[in-house]
**Student:** 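My questions all concern the structure below.
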Amino acid sequence: MQDFQFEKARLTMTLRGMGIVESDVLSAIEQVPREIFVPSALRDHAYENASLPIAMEQTISQPYVVARMTAALQLTGRERVLEIGTGSGYQAAILSFLCRRVYSIERLRPLLVEADNIFRKLRITNVTTKLGDGARGWPEGAPFDRIILTCAPPEIPSTLLNQIKTGGIMVAPVGRGRDQSLVVVRRTEDGFEQEDILPVKFVPLIEG
Ligand code: SAH
């Protein structure tokens, strides 16, 4: 089994060069074997800084975008984090190294089954998944310290905003078609503060 040490080191150097300075985020990217989350035919491309297709016409995000989103969550290790769009499970696996527990929702069963298998294989025990419509959030688990969307709604559903704790942070791609930005939302005592940080292109959030 190839260990991709060289490719991993090259990827983290690239990310550093692109301004990712958070060493805990870079270390999580070095620890999580991305090659396990991509289709076997694409394993040799696992450590390129590129998004790749996964099953059911979905995509695993570009490592730089995973890093930016993870960094924007400002995790200390103690948080409960809700993710919408489990997909391959890669982003959830990265988060699992940096927070207390990840709650991840996916609407496509085959993807969820595969992601759960990988978590078991990698002995990642602090990710809980469920099948369903992420636009509704996870009311039984709410409120969350952090929420991350890895599929893009035209605008952030208020149900999800309401599941952020006061003092908490949400990171989400927002917009229609190609016209999306990565938005960071902070919930304060007085309401919500919003900042656009990066143009992005995610698969759409599909409601229902
Ligand atoms: N975080 C994933 C990215 C997967 S792509 C990874 O690291 O691989 C986005 C995922 O969002 C897709 O798997 C898609 O099926 C899922 N998705 C889209 N709309 C959704 C919804 N309403 N609820 C839950 N998941 C949704």
Side-chain angles (χ1 to χ4, degrees), residues 11 15 25 28-29 31-40 42-43 45-73 75 81-99 102-119 121-122 124 127-139 141-142 144 146-161 163 170-178 180 182 200-208:
L11 175 61
L15 298 178
V25 173
I29 285 176
Q31 286 176 74
V32 175
R34 192 167 183 258
E35 70 276 16
I36 313 272
F37 294 87
V38 306
S40 46
L42 297 176
R43 290 233 154 124
H45 301 279
Y47 293 95
E48 289 167 15
N49 184 26
S51 61
L52 293 171
I54 55 172
M56 305 193 75
E57 291 168 19
Q58 304 304 320
T59 50
I60 177 170
S61 308
Q62 182 192 12
Y64 174 68
V65 174
V66 171
R68 276 299 291 271
M69 293 177 86
T70 307
L73 289 174
L75 298 168
V81 181
L82 173 64
E83 179 191 33
I84 312 302
T86 315
S88 69
Y90 179 70
Q91 174 75 68
I94 295 285
L95 295 171
S96 77
F97 281 80
L98 300 168
C99 72
V102 183
Y103 299 78
S104 187
I105 310 179
E106 171 58 54
R107 60 184 287 276
L108 299 173
R109 187 187 299 273
L111 294 180
L112 198 62
V113 168
E114 184 55 26
D116 277 333
N117 283 338
I118 298 178
F119 299 145
K121 189 152 125 192
L122 297 179
I124 293 175
V127 179
T128 309
T129 60
K130 102 173 168 181
L131 187 70
D133 178 7
R136 297 181 183 177
W138 194 313
F144 294 92
R146 304 287 188 266
I147 300 183
I148 177 170
L149 275 65
T150 63
C151 44
E155 53 193 77
I156 303 173
S158 58
T159 318
L160 289 180
L161 288 172
Q163 291 184 17
M170 172 190 276
V171 178
V174 181
R176 282 171 215 276
R178 285 164 190 281
Q180 300 172 7
L182 196 60
V200 285
K201 194 167 169 280
F202 274 78
V203 300
L205 180 146
I206 297 173
E207 287 205 37

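Only a predicted model underlies this, so the values are computations on that prediction, with no experimental measurement involved. As the structure lists them, so they are numbered: ligands from 1, and atoms in each ligand from 1. Numbering of residues begins at 1 and proceeds along the displayed sequence.
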**Student:** At under 4.0 Å between heavy atoms, is it the side chain or the backbone of Leu205 that contacts ligand 1, or both, or neither?
**Tutor:** both
**Student:** What protein heavy atom sits nearest atom 19 (N) of ligand 1, and how far off is it?
**Tutor:** Ile206 N, 2.9 Å
**Student:** Between ligand 1 and Thr86, can you find any atom pair, the residue atom being a heavy atom, that is separated by under 4.0 Å?
**Tutor:** yes
**Student:** Under a 4.5 Å cut-off applied to non-hydrogen side-chain atoms, are Val174 and Ile156 in contact?
**Tutor:** yes
**Student:** Do Val127 and Leu95 have side chains that approach each other closer than 4.5 Å (heavy atoms only, starting at C-beta)?
**Tutor:** no
**Student:** Using a strict cut-off of 4.0 Å, indicate which atoms of ligand 1 neighbour a heavy atom of Gly132.
**Tutor:** 23 (N), 24 (C)
**Student:** Only heavy atoms of Ile105, strictly under 4.0 Å: list the atoms of ligand 1 that pass.
**Tutor:** 24 (C), 25 (N)
**Student:** Do Leu122 and Phe37 have side chains that get closer than 4.5 Å, going by heavy atoms?
**Tutor:** yes
**Student:** Determine, using heavy atoms of Ala115 and all atoms of ligand 1, whether some pair is separated by less than 4.0 Å.
**Tutor:** no
**Student:** Considering heavy atoms of the protein only, find what lies nearest to atom 16 (C) of ligand 1 and give residue, atom and distance to 0.1 Å.
**Tutor:** Glu106 OE1, 3.4 Å
**Student:** Do Arg34 and Tyr47 form a cation-pi contact, if we require the NZ or CZ to be under 6.0 Å from the six-membered ring centre and within 45 degrees of the ring's axis?
**Tutor:** no
**Student:** Note the single closest protein heavy atom to atom 20 (C) of ligand 1, along with its residue, its atom name and the distance in Å.
**Tutor:** Arg107 CD, 3.2 Å
**Student:** Could you tell me the residue and atom name of the protein heavy atom closest to atom 23 (N) of ligand 1, and the distance to it rounded to 0.1 Å?
**Tutor:** Gly134 N, 2.7 Å
**Student:** What closest approach, in Å, do Ile29 and Ala67 show between heavy atoms, and which atom pair accounts for it?
**Tutor:** CD1-CB, 3.8 Å
**Student:** If you measure from each non-hydrogen atom of Asp133 to ligand 1, which part falls under 4.0 Å: side chain, backbone, both or neither?
**Tutor:** both
**Student:** At what distance, to the nearest 0.5 angstrom, does CD1 of Ile105 lie from OG1 of Thr129?
**Tutor:** 10.0 Å
**Student:** Can you find a pair of side-chain heavy atoms, one from Val38 and one from Tyr90, that are under 4.5 Å apart?
**Tutor:** no
**Student:** Measure the distance from atom 11 (O) of ligand 1 to every protein heavy atom, then report the residue, atom name and distance (to 0.1 Å) of the closest one.
**Tutor:** Gly85 CA, 3.3 Å
**Student:** Less than 4.5 Å apart, any side-chain heavy atom of Trp138 and any of Ser104?
**Tutor:** no
**Student:** Less than 4.5 Å apart, side chain to side chain, heavy atoms only: is that true for Glu83 and Gln91?
**Tutor:** yes
**Student:** Starting from atom 7 (O) of ligand 1, what is the nearest protein heavy atom, named by residue and atom, and what distance separates them?
**Tutor:** Gln91 N, 3.0 Å
**Student:** Counting non-hydrogen protein atoms only, what is the nearest one to atom 12 (C) of ligand 1? Give residue, atom name and distance.
**Tutor:** Gln58 OE1, 3.2 Å
**Student:** List the closest protein heavy-atom neighbour of atom 8 (O) of ligand 1: residue, atom name, distance to the nearest 0.1 Å.
**Tutor:** Ser88 OG, 2.6 Å
**Student:** Between Leu161 and Pro157, is any pair of side-chain heavy atoms under 4.5 Å apart?
**Tutor:** no
**Student:** Met56: heavy atom below 4.0 Å from ligand 1, yes or no?
**Tutor:** no
**Student:** Is there a side-chain contact between Pro53 and Leu42, using heavy atoms and a 4.5 Å cut-off?
**Tutor:** yes
**Student:** Taking all heavy atoms of Thr59 and all of Val203, pick out the closest pair and write down the distance.
**Tutor:** OG1-CG1, 3.8 Å
**Student:** At a 4.0 Å threshold, what atoms of ligand 1 neighbour a non-hydrogen atom of Cys151?
**Tutor:** 11 (O), 17 (N), 18 (C), 19 (N), 20 (C), 26 (C)
**Student:** Give the atom numbers and elements of ligand 1 that come within less than 4.0 Å of a heavy atom of Val203.
**Tutor:** 5 (S), 9 (C)
**Student:** Ala92 near ligand 1, heavy-atom distance under 4.0 Å?
**Tutor:** no
**Student:** I need the atoms of ligand 1 closer than 4.0 Å to a non-hydrogen atom of Leu111, numbered in the order shown.
**Tutor:** 13 (O)
**Student:** For ligand 1, which atoms sit closer than 4.0 Å to a heavy atom of Leu108?
**Tutor:** 15 (O)
**Student:** Which of the atoms in ligand 1, numbered in the order shown and given with their element, are less than 4.0 Å from a heavy-atom of Thr59?
**Tutor:** 3 (C), 4 (C), 5 (S)
**Student:** Give the atom numbers and elements of ligand 1 that come within less than 4.0 Å of a heavy atom of Glu83.
**Tutor:** 1 (N)
**Student:** Should the heavy atoms of other residues, nucleotides or ligands under 6.0 Å from CD of Glu155 be counted, would the total exceed 12?
**Tutor:** no
